[in-house]
Amino acid sequence: MSRKNFLFVLTVVAFLSTASWAQVPDKAKVVAGAERAFEKVTKAYVAPGPGCAAAVSLNGETVFEKAFGLADLEHNVPNTTQTIFESGSVAKQFTAAALVLLQQDGKLSIDDPVKKYIPELPDYGSPLTIRHLLNHTSGLRDWGAVLSLTGAGRGDRVINQDLALDVITHQRALDFTPGSEYSYSNSGYNLAAIIVERVSKQKFSAFVEERLFKPIGMKNSSWRDDYQRIVPGRAQAYARQGNGPWRLNMPFMNVYGNGGMLTTIGDWMKWNAMLDSQSLGAPLVSALETRGVLNDGRKTSYALGLQVDTYKGLKDVSHGGATAGYQTFLARYPENKVSVGVMCNGTSPSAGGIAANITDE
């Protein structure tokens, strides 16, 4: 997550933590806090360069929404609150939700063995389930890390879903027995998207559009399953070395499920409003927020495409993302009915160190 993201999110959360854990905060105070945080961000902004879009919602209503910086440096196009960004790994919760919906349809169980749907996988001698994929407890190595060993990994060549599947299914052994450890791996979510396609008999993008985007009203969301497709209103992504010039840093992959979702800050707020209101059913939300349990009984903070933790006594449901030059973060504080989202189209330095400094202040 970028410095801008942390500054904005933690300023809002700092206000929330002063309220009662079960109390919906005062709208005027939430908006004022967001305005102050955003002003600090924009004052530190050095033009011309990429920027961010940010939003805060309260009780399902978007109460703050602003953007700054350029979506396209070559043509001097500004970011707006309608700009489309790539959401990075924030997409994982949508992939997990698709599988939960198929479970509710009676077409699979997320506790089914993965090999039932992807017979190409080797027999690892221990049950590997869909839940293991979604909890990051599968032991599968990340296909991107494996590819990088060849000298041409992510960002070095065009990668499609078939290539990712080939890399995954040629892993003769796992890093650990499924369910014994937590290790973040995109491979599980690529397999998850493939399972959605094989079970639903639809393209992954079509299934998610039909079952999630349309019912929720996410009209500006789609999937990057063809990186050459023209997407009107999309921000270009950028990176730079130190204080050097900004350079294009766009994803040129046709992989999805682990990421690859194109969306707007407004559509994110609609998604979190659905989770708060449970308009697609309480069982869906409950499943997504059920934390992983390791074989020895220990719980992880990772649920199904979501981190579920606490921040100063508040339940914190969130996920960050990064793909090429895009940096994103989406958080929801369900007990206060507050959501905060930030999408940026430029890379940033030392996110962990900056976050620690801001948190300590």
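Only a predicted model underlies this, so the values are computations on that prediction, with no experimental measurement involved. No hydrogens, no waters, no symmetry mates; every other heavy atom, side chains included, goes into these values.
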> Under 3.5 Å, side chain of H319 to main-chain N/O of L306, donor-acceptor pair present?
no
> I'd like to know if the side chain of E335 and the backbone of K315 have a donor-acceptor N/O pair within less than 3.5 Å.
yes
> Side chains of D316 and T310: closer than 4.5 Å at any heavy-atom pair?
no
> Given side-chain contact (heavy atoms from CB on, under 4.5 Å), test C344 with F85 step by step and report yes or no.
CA-CA 7 Å; C344 301; F85 296 80; 5.5 Å; no
> Name all residues meeting the salt bridge (Lys or Arg N to Asp or Glu O under 4.0 Å) criterion together with D309; count only those two or more places apart in sequence or in a different chain, and write none if there are none.
none
> Between Y302 and Y182, how do the two ring planes meet: parallel, tilted or perpendicular, split at 30° and 60°?
tilted
> Test of understanding: clusters of I, L, V, M, F, W, Y form through side-chain heavy atoms closer than 4.5 Å, transitively. Do I110 and I194 belong to the same one?
yes
> Check whether any side-chain heavy atom of K116 lies under 4.5 Å from a side-chain heavy atom of L108, and answer yes or no.
no
> Has the side chain of D112 got a donor or acceptor atom that lies under 3.5 Å from a matching backbone atom of S109?
yes
> Donor-acceptor check, side chain of N295 to backbone of P178, threshold 3.5 angstrom: yes or no?
yes
> Could you list all the side chain to side chain donor-acceptor pair (under 3.5 Å) pairs where at least one residue sits in residues 232-254, not counting sequence neighbours?
none
> Does the E197 side chain pair with the main chain of F204, one donor and one acceptor, at a distance under 3.5 Å?
yes
> Report yes or no: do Y227 and L163 belong to one cluster of Ile/Leu/Val/Met/Phe/Trp/Tyr joined by side chain heavy-atom distances under 4.5 Å?
no
> Begin from the C-alpha positions of W223 and L262 and carry the test side-chain contact (heavy atoms from CB on, under 4.5 Å) through to its verdict.
CA-CA 6 Å; W223 293 87; L262 307 175; over 6 Å; no
> Without placing hydrogens or testing angles, list every side-chain donor-acceptor pair under 3.5 Å for residues 125-134, not counting sequence neighbours.
from: T129; atom 1: OG1; to: R131; atom 2: N; distance (Å): 3.4
from: T129; atom 1: OG1; to: H132; atom 2: N; distance (Å): 3.2
from: T129; atom 1: OG1; to: H132; atom 2: ND1; distance (Å): 3.1
from: R131; atom 1: NE; to: D111; atom 2: OD1; distance (Å): 2.7
from: R131; atom 1: NH2; to: D111; atom 2: OD2; distance (Å): 3.1
from: H132; atom 1: ND1; to: T129; atom 2: N; distance (Å): 3.0

> Are Y184 and V90 in one and the same hydrophobic cluster, where Ile, Leu, Val, Met, Phe, Trp and Tyr link if side-chain heavy atoms are under 4.5 Å apart?
yes
> Could you tell me whether the side chain of S187 and the main chain of W143 form a donor-acceptor pair under 3.5 Å?
yes
> Assess whether a salt bridge exists between E210 and K214, defined as any Lys/Arg side-chain N lying under 4.0 Å from an Asp/Glu carboxylate O.
no
> Does any part of the side chain of T83, heavy atoms only, come nearer than 4.5 Å to the side chain of P78, both counted from C-beta?
no
> With a 4.5 Å cut-off on side-chain heavy atoms, are V317 and L288 touching?
no
> Name all pairs fulfilling the salt bridge (Lys or Arg N to Asp or Glu O under 4.0 Å) condition that reach into residues 157-179, sequence neighbours left out, sorted by first residue then second.
R141-D175
> List the steps, then state whether side-chain contact (heavy atoms from CB on, under 4.5 Å) holds for T62 with S339.
CA-CA 9 Å; T62 300; S339 289; over 6 Å; no
> Checking E209 side chain against S222 main chain: does a donor-acceptor pair fall under 3.5 Å?
no
> Can you tell me if N135 uses its side chain to pair, donor with acceptor, with the backbone of V293 under 3.5 Å?
no
> Are the side chain of N345 and the backbone N or O of P50 linked by a donor-acceptor pair below 3.5 Å?
no
> Return each pair, listed once, that meets salt bridge (Lys or Arg N to Asp or Glu O under 4.0 Å) where at least one residue sits in residues 88-109; pairs must be two or more places apart or across chains.
D105-R211
> Keeping to residues at least two apart or across chains, list the salt bridge (Lys or Arg N to Asp or Glu O under 4.0 Å) pairs with something in residues 294-303.
D296-R298
> Check whether V308 and L99 end up in the same hydrophobic cluster, where Ile, Leu, Val, Met, Phe, Trp and Tyr are linked by side-chain heavy atoms less than 4.5 Å apart.
yes
> A side-chain contact here means heavy atoms from C-beta on lying under 4.5 Å apart; do Y326 and P251 qualify?
yes
> Less than 4.0 Å between a side-chain N and a carboxylate O, is that true for K115 and D123?
no
> Answer yes or no: is there a side-chain heavy-atom contact under 4.5 Å between N190 and L165?
no
> Regarding T323 and R224, is there a side-chain donor-to-acceptor distance under 3.5 Å anywhere?
no
> So, the side chain of S277 versus the backbone of A273: is there a donor-acceptor pair under 3.5 Å, distance only?
yes
> Do F68 and I84 sit in one hydrophobic cluster, given that two such residues count as connected whenever their side-chain heavy atoms are within less than 4.5 Å of each other, even indirectly?
no
> Between Q82 and T264, is any side-chain donor less than 3.5 angstrom from a side-chain acceptor?
no
